[in-house]
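Residue numbers start at 1 and run along the sequence shown. What you see is a predicted model; the values in this text were computed from it and never measured.
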Amino acid sequence: MKVTSKTFIRKTKRGNILKIVREHYLRDDIGCGSKICKKCKHNNEKPLVKHQSINTDFPDKHYLLVDTNVVLHQIDALEDDTLKNVIILQTVLEEVKHLSHSVYKRLMDIIGNYSRSFYVFVNVYHKDTYVERVRGESPNDYNDRMIRVAALWYNKHLDDKIKVLLLSSDEASKAKAINEGIPTMSLEQYVSGLNNVTLTDKLSNRSCMVEETSKEPIFPPHLTPAIIHQGIKSGKLMQGTFFASTDNFLEGNVFVEGQEKNILLQGREHLNRAINGDIVAIEMLPESQWSAPANLVLADYDDLDLENGLDTVEKPKEKYPTGKVVGIIRKKWRQYCGIIQHSLVENATRHLFVPADKKIPKIRIETRQYDKLKDQRVIVAIDTWPRTSRYPLGHFVRSLGKIGEREAENEVILLEHDVPHSKFSDEVLRCLPKETWTISATVNIVKIAHSTLVSTISITIDLVGRKDFRDLDICSVDPPGCTDIDDALHCMPLENGNFQVGVHIADVTHFVKPGTAIDIEASQRATTVYLTGRRIDMVPGLLSSNLCSLRGGEERLAFSCVWEMTPNADIVNSSYTKSVIKSKAAMTYDQAQLIIDDQNQDNSIALGLRQLNKFAKILKKRRIDAGALVLASPEIRFLVDSETRDPLDVEVKQLKETNSMVEEFMLLANVEVAKKIYSDFPEFAVLRRHPKPPPSNFESLIKAAAHLGVELNVDSSRDLANSLDKAVKLDNPFFNTMLRILATRCMLQAVYFASGTKTYDEFLHYGLAAPIYTHFTSPIRRYADVLVHRLLAVSIASDSTTPEMLDKRKIEGLCQTLNIRTRMSAYAERASVALNTHIFFRGKIRDEEGYILYVRKNALQILIPKYGLEGTLFLSPRKGQLQAAIFTYNEDEQTQRCGDIVFRTFDPVSVQLSLDSSNVQHERIVLKLVKPEIPNFSVPSINTSTVNVQQPQKNPHEPCDSICEPQLKKAKI
């Protein structure tokens with residue numbers, strides 16, 4: 001072993017001179033990884049097995065050695081199974097980790113797949129491959145030199161039995177390597193010699209996929225980073241997050257911290273190649289050029305003449321702060337799912353990719369596999385967006401399967417919403433108990449009463465420190481088919497006339513210990529995601545559906561909140577304890593409701609449920625009186641075929657008293673636990689807040705309601721709740737529900753946070769009118785609840801703290817991850833409903849009642865309550881179509897008029913729903929007006945509620961980028 005050292009002289013704050021000696025140990029026992037090498041005795045158990053595939057441009061037997069740029073820019077190609085037996089230097093690994101954590105993670109996944117034979121050579125500690133950095137040498141040049149030294153050593157070490165080919169995309173480094181006698185080429189050149197079309201398509205063509213220089217620029221140039229930095233520092237420029245519009249591809253806004261309103265961006269030049277999520281630098285326009293949202297529905301350049309046939313009444317309108325993008329500070333590009341647009345040009349290699357996400361522009365790619373991919377869901381990555389191109393340029397990554405296949409469509413949903421859904425790793429599964437785990441191991445405990453030995457009893461190790469509630473009449477009430485039962489309840493009378501009420505929550509933390517592989521995986525998943533017909537668990541099924549699930553008739557470990565309540569639902573005292581329970585019944589909401597309503601049933605379960613229901617009504621009234629909001633959102637469920645899993649029918653979920661009963665006690669438990677953990681951990685408690693929405697969020701709703709003579713007061717949640725209660729129109733029974741649906745959309749997102757990062761006044765949960773709140777009741781499906789369980793366990797001295805629990809920065813970082821995952825899971829669930837709605841409407845035409853949600857300049861946004869979906873009814877002709885009916889838009893009154901017919905927000909309409917399958921690559925649900933009848937525009941009503949139509953003989957599918965979007969079940973609390 002050889003030791004090298006560096007000496008540094010540093011002056012301390014007190015003026016003392018500190019000498020620092022840094023030693024670097026070099027070894028001679030680090031193996032090269034090659035199976036054919038006889039010199040190295042310490043090669044890895046999974047070495048480089050065979051030479052690379054035959055390559056016409058490099059016919060010698062060879063291994064590959066890649067530099068940092070190849071890994072960073074060509075990770076999609078490296079993930080292809082064609083490339084095997086690749087040497088990854090420690091120098092490259094560390095540089096990639098420093099520059100891109102996401103790429104580093106993907107590279108580590110490849111290295112972990114032993115079938116790929118990617119070998120990590122620790123060159124920085126090998127005596128023959130380590131070199132000192134020379135004075136004045138940049139870190140990048142030093143790393144490049146380390147790579148070349150290692151490549152040269154490999155070729156000498158293997159004695160020409162097999163070549164080591166250096167793949168580099170750095171022209172200067174490549175030239176130096178060739179001069180030093182190292183076999184070198186670019187990855188692009190190497191792949192061309194493999195004659196592999198699929199791998200060729202996966203190459204990131206950052207340098208060559210640029211539009212012809214003769215083309216005129218479409219976009220203005222971006223400022224340099226130095227100018228942007230100076231502009232932000234001087235206040236001339238601002239930075240923020242860009243959010244593209246879902247309705248208008250030529251519109252977006254930028255959230256700038258500290259600004260009361262988002263900055264509006266309009267037009268291609270002002271958007272200037274920003275992609276949804278990018279951190280951008282913007283310059284404000286003069287106030288005379290400020291504008292307002294266009295109120296247009298534009299999906300692409302093809303819709304730019306949608307205004308034909310529209311006669312607009314111009315009215316003064318409120319101006320919004322308006323700006324333009326002058327630079328991209330940080331790109332938030334990712335891989336995108338979608339389809340390749342139909343091409344009429346035979347043997348074309350350039351194609352347009354249409355992302356499933358409406359906020360992402362089309363992407364131009366090069367592929368020679370069009371005939372194979374035209375009916376596929378594919379993944380594409382963006383490489384660059386030059387000024388001369390209308391669309392960004394990218395490359396094909398991989399195919400997900402045929403358009404319309406359920407597995408492929410579900411994969412699109414999960415990938416587009418960044419839902420972790422891979423199988424649990426072996427490391428995670430090793431953390432699980434055996435499938436046959438039971439509360440069985442026993443120890444002898446001496447039971448003492450009044451200092452007198454009474455008896456010696458045997459209890460289980462798992463029961464130490466737990467209360468035994470197995471004799472209580474505990475039951476659970478959940479939706480039908482629920483297998484991950486988090487919570488159960490009990491209620492029994494006490495001798496003093498009060499009641500004992502218990503909320504029992506699955507004790508997931510007994511199995512998920514801090515810092516273990518299963519804990520890390522659960523924290524990254526953050527939440528269970530419920531798609532139609534599929535559940536993506538946060539923890540493995542052995543826990544979620546078995547050992548943690550509070551199933552009827554089975555002993556389970558729990559965390560219990562037990563209260564003594566007066567008949568008026570006032571809490572006299574509270575206790576929190578780890579426990580063991582045995583649920584006497586696992587019921588659905590319907591079953592529990594039947595027991596409550598059947599007065600002939602007078603067993604302890606029935607009596608307990610009735611009393612819980614009484615308490616729930618008192619608690620709910622108390623919350624509403626305090627200002628809690630009762631909002632609305634259509635919630636539907638599909639009746640599916642047991643074999644094909646295709647939806648057979650759709651129905652709106654009917655809420656019963658038992659739904660509210662369970663909800664009230666879950667809310668109560670969450671509030672009480674929040675108070676407890678905050679009192680003991682004022683800096684580190686994991687809480688949930690719902691910020692009060694700014695008045696500007698309600699402006700359009702207030703305006704729409706005022707046109708109908710309804711006044712909304714939004715000064716506080718109580719004022720809003722009172723206004724909504726009074727907003728009733730006898731001629732429109734759905735009016736109040738519509739108001740509540742739109743009020744839901746005015747709300748801000750409820751978020752998790754660490755208590756030490758906010759003042760107490762900021763803890764408020766606006767929707768619940770609760771001064772403090774958390775999530776405790778669903779640890780099987782929410783990681784936030786797992787964190788709260790751990791804090792509560794420490795509060796009652798049932799467990800000890802860990803350093804992570806008392807690290808405010810780590811807690812806040814984890815809360816941010818939970819917020820993102822929770823939001824994306826909600827979007828994924830919405831997309832899953834959209835997918836199944838499309839499947840349901842195949843071959844069907846239906847007339848349904850709807851209500852106008854928004855009046856746009858060229859369309860009406862219609863809500864169809866029966867299906868919980870929102871669709872666009874276009875009032876102007878699509879490109880290439882003619883239309884006799886002329887609509888006049890009044891922006892001030894938010895109306896559309898055609899003759900004597902006037903459309904306003906909240907108006908009921910009758911529409912015809914059907915699935916447009918004219919384009920095999922772009923199915924969508926379309927709406928046509930039935931009533932009110934407008935000559936040359938409305939369509940006649942069908943005689944029956946459903947008409948089956950013959951579909952063309954083709955591969956049907958249900959894309960996620962439909963015009964119609966189902967709405968979320970309810971506002972998440």
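- Note on ring orientation: taking the six-membered ring where Trp is involved, the planes of His417 and Tyr827 are tilted (angle from 30° to 60°).
- Residues Arg821 and Asp418 are paired through a salt bridge, judged by an N-O separation under 4.0 Å between the basic side chain and the carboxylate.
- Under a 4.0 Å N-O distance rule, the pair Glu870/Arg745 qualifies as a salt bridge.
- The backbone N or O of Asn248 lies less than 3.5 Å from no partner atom in the side chain of Glu251, so there is not a single donor-acceptor pair.
- Under the 4.0 Å criterion applied to side-chain N and carboxylate O atoms, Arg106 and Asp76 are assigned as salt-bridge partners.
- A distance-only check finds no donor-acceptor pair linking the side chain of Thr872 to the backbone of Phe874 [under 3.5 Å].
- Between Leu739 and Thr737 there is no side-chain heavy-atom pair separated by less than 4.5 Å.
- Checked by atom type, the side-chain pair Asp383/His395 shows a donor-acceptor distance below 3.5 Å.
- Within the 3.5 Å criterion, the main-chain N or O of Val280 finds no donor-acceptor partner in the side chain of Asp278.
- Looking at Arg689, its side chain does come within 3.5 Å of a backbone N or O of Glu762 through a donor-acceptor pair.
- Applying the salt bridge (charged side-chain N to carboxylate O under 4.0 Å, His left out) test to Lys261 and every residue at least two apart in sequence or in another chain returns Glu318.
- Ring-plane geometry between His342 and Tyr370 is classed as tilted, the angle between the planes lying from 30 to 60 degrees on a 0 to 90 degree scale.
- Side-chain atoms of Asn836 come within 3.5 Å of backbone atoms of Ser832 as a donor-acceptor pair (strictly under, hydrogens ignored).
- Scanning both residues, Gly767 and His690, for their nearest heavy atoms gives N-ND1, 3.0 Å.
- For the side-chain contact (heavy atoms from CB on, under 4.5 Å) test with Val855, the passing option among Asp907, Leu860, Leu875 is Leu860; the others fail.
- Side-chain atoms of Lys692 come within 3.5 Å of backbone atoms of Asp715 as a donor-acceptor pair (strictly under, hydrogens ignored).
- Side-chain N or O atoms of Asn858 include none that pairs as donor or acceptor with a backbone N or O of Ser876 at under 3.5 Å.
- Remark: the backbone N or O of Asn819 is not paired with any side-chain donor or acceptor of Thr822 at under 3.5 angstrom.
- A salt bridge is absent between Glu283 and Lys236: the closest approach of a Lys/Arg side-chain nitrogen to an acidic carboxylate oxygen does not fall below 4.0 angstrom.
- Looking only at atom types and distance, the side chain of Gln341 has a donor-acceptor partner in the side chain of Lys362 under 3.5 Å away.
- No side-chain N or O of Thr895 forms a donor-acceptor pair with one of Asn890 less than 3.5 Å apart.
- Within the 4.5 Å cutoff, no side-chain heavy atoms of His270 are placed close to those of Leu250.
- Here the straight-line distance linking atom OH of Tyr752 with atom OG1 of Thr817 works out to 12.5 Å at 0.5 Å rounding.
- Looking at heavy atoms from C-beta onward, Tyr320 lies out of side-chain contact with Ser291 at the 4.5 angstrom threshold.
- Annotation: Phe219 is in aromatic contact with Trp385 [ring centroid separation under 6.0 Å].
- Asn276 CG to Phe242 CZ: the interatomic distance, rounded to the nearest 0.5 Å, is 6.5 Å.
- Between Tyr336 and the choices Val354, Ile363, Val378, the side-chain contact (heavy atoms from CB on, under 4.5 Å) rule is met once, by Ile363.
- The shortest heavy-atom contact between Leu265 and Gly323 is CD2-O, 3.2 Å.
- Contact annotation: the side chain of Ile329 approaches that of Ile228 to within less than 4.5 Å [non-hydrogen atoms, C-beta and beyond].
- At least one side-chain heavy atom of Gln259 sits less than 4.5 Å from a side-chain heavy atom of Met238.
- Here the CD1-CZ distance, from Ile339 to Phe353, works out to 8.5 Å after rounding to the nearest 0.5 Å.
- The pair Arg334-Glu416 meets the salt-bridge criterion, with a side-chain N (NZ, NE, NH1 or NH2) lying under 4.0 Å from an Asp/Glu carboxylate O.
- The two atoms that bring Val326 and Asn272 nearest to each other are CA-ND2, 4.5 Å, heavy atoms only.
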(request) Applying side-chain hydrogen bond (donor to acceptor under 3.5 Å, both in side chains), run through His421 and Glu411 and close with a yes or a no. (result) CA-CA 9 Å; His421 59 286; Glu411 187 75 4; 3.1 Å; yes
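- Although no hydrogens or angles enter the test, the distance criterion places a donor-acceptor pair under 3.5 Å between the side chain of Ser100 and the main chain of Val103.
- For the pair His707 (side chain) and Ala705 (backbone), a donor-acceptor distance under 3.5 Å is absent.
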